[in-house]
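Taking it in order: structure first as structure tokens, then the write-up.
One-based numbering, in listed order, for ligands and for the atoms of each. Numbers here are sequence positions counted from 1. Values in this document were obtained by computation on a predicted structure and should not be read as measured data. FYI, side chains are in, hydrogens and waters are out, and symmetry mates aren't considered; it's all heavy atoms of this structure.
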Amino acid sequence: MEGNMPSQACKPVTETVSKDGLVIPIIDFAPFLNGTPADKHAVAISIVGAFKTSGFLYLKDHGIPPSIVARVFKSSAAFFARPQDQKDTLGWTTPQANRGYVRTGREKLSTVDDLSDPEARRAIPDIKEILMTRAIALGMNLPVHFFDEYVDQGDNTLRLLHYPAVHKDIFKTNPGQVRAAEHSDYGSITLLFQDRRGGLQARSPEGTFVDVTPFPDTVVINAGDLLARWSNDTIKSTRHRVVEPPKAYGEEDESEVYPDRYSIAYFCNPNHDKFIEAIPGTYGEDISNAKYPGITAGEYLVQRLAATY
Ligand SMILES: O=C(O)CCC(=O)C(=O)O
Ligand SMILES: [Fe+2]
């Protein structure tokens, strides 16, 4: 690492999530995109610091234009409004392919082919490339291009999620009712755009669930199980779920129904043919001290997906 780099993270932002030992910082990505080497390094340290403590962060000024995010939300709503039989013809088939529409109750996933939005498809991978190949590498004191060869195939999944409107009574009469069950993500990182409804929660170190409040123009980024394993568990893959929306502050909401909720998840994975074993610097001198045996990314992900559907 270059000698004159600062070792401390950038200034924390005040408005953020902090409860029961779970801190999810809002990190400004602009200095990483446009700043000096020292700025980039400070952002990288903050990102990896968040991955190591809560496994979650918000990125603002991330470089994905809000108009594109808005357009994907619109395409998503239009897709889910299609007749059921049409959606069913685009059904999810195999864990190897991991594409297609998944009905309510099975899981929720829709194909990127229905977006017909090449600009949107390009914009999201761009930020992922920069994050994976540069910020995480820098933040882990690795050569900046360390991850390049692991992610150049783009074996990622864009998932459009739709949680249908639901009667509030459902939650009252069924304690424990959720919109998406508690889970951790499987891959390396997940970029999550949520609408304003709320309901996403992450598990705190105390075992409670803490609201991952939607902040406008931010993207939630969380580390997945494969990155945790790759990092020899120095990075956390934190469990999360989606529940009924929290009461909006000061809002009198007389409606009997919670409206639909939409989110967009972009699951990043290493190239499926890459062998994933503990990242240098995470296991001391000897790789035999690593906690997990190596595994190809594809094998790992197919195992996990096959257990889900
Ligand atoms: O819809 C959300 O906010 C979260 C979705 C999620 O966690 C997932 O699809 O893995
Ligand atoms: Fe998730």
Study note, to complete from the structure: Within the 2.8 Å cut-off the protein N, O or S neighbours of the Fe ion (ligand 2) are His183 NE2, Asp185 OD1, His240 NE2

Review point. What residues, two or more places apart in sequence or in another chain, satisfy salt bridge (Lys or Arg N to Asp or Glu O under 4.0 Å) together with Arg239?
Key: Glu182

**Study point:** Region of Asp185 that comes within reach of ligand 1 [heavy atoms, distance under 4.0 Å]
**Key:** side chain

Check your understanding: Cluster partners of Tyr283, using ILVMFWY side-chain heavy atoms under 4.5 angstrom, listed by chain and number?
Key -> Ile287

Review point. Any idea which atoms of ligand 1 are less than 4.0 Å away from a heavy-atom of Tyr163?
Key: 1 (O), 2 (C), 4 (C), 5 (C)

Check your understanding: Under the 3.5 angstrom rule, does the side chain of Asp155 hit a backbone N or O of His272 as a donor-acceptor pair?
Key -> yes

Check your understanding: Quick one: which ligand 1 atoms are inside 4.0 Å of a heavy atom on Phe267?
Key -> 8 (C), 9 (O), 10 (O)

Practice item. Please work out which of the three classes, parallel, tilted or perpendicular, describes the rings of Phe56 and His240, given edges at 30° and 60°. Key: perpendicular

Exercise for review: Dump the intermediate steps for salt bridge (Lys or Arg N to Asp or Glu O under 4.0 Å) on Asp217 and Lys60, then the final yes or no.
Suggested key: CA-CA 6 Å; Asp217 299 328; Lys60 68 169 191 165; over 6 Å; no

Check your understanding: Considering Arg239, His183, Arg261, His240, which one's heavy-atom position lies nearest to atom 2 (C) of ligand 1?
Key -> Arg261

Exercise for review: Apply side chain to side chain donor-acceptor pair (under 3.5 Å) to Ser67 and list each qualifying residue two or more places apart in sequence or on a separate chain.
Suggested key: none

Review point. Is a side-chain donor or acceptor of Lys236 paired with a backbone partner of Thr53 at a separation under 3.5 angstrom?
Key: yes

Check your understanding: N/O of Gln194 under 3.5 Å from N/O of ligand 1, yes or no?
Key -> no

Check your understanding: Can you list the atoms of ligand 1 that are under 4.0 Å from a heavy atom of Val242?
Key -> 1 (O), 2 (C), 3 (O), 4 (C)

Practice item. Would you kindly check if the NZ (Lys) or CZ (Arg) of Lys168 is within the cone defined by 45 degrees around the ring axis of Tyr258 and under 6.0 Å from the six-membered ring centre? Key: yes

**Study point:** Donor-acceptor side-chain pairing of Tyr163 and Asp260 below 3.5 angstrom
**Key:** no

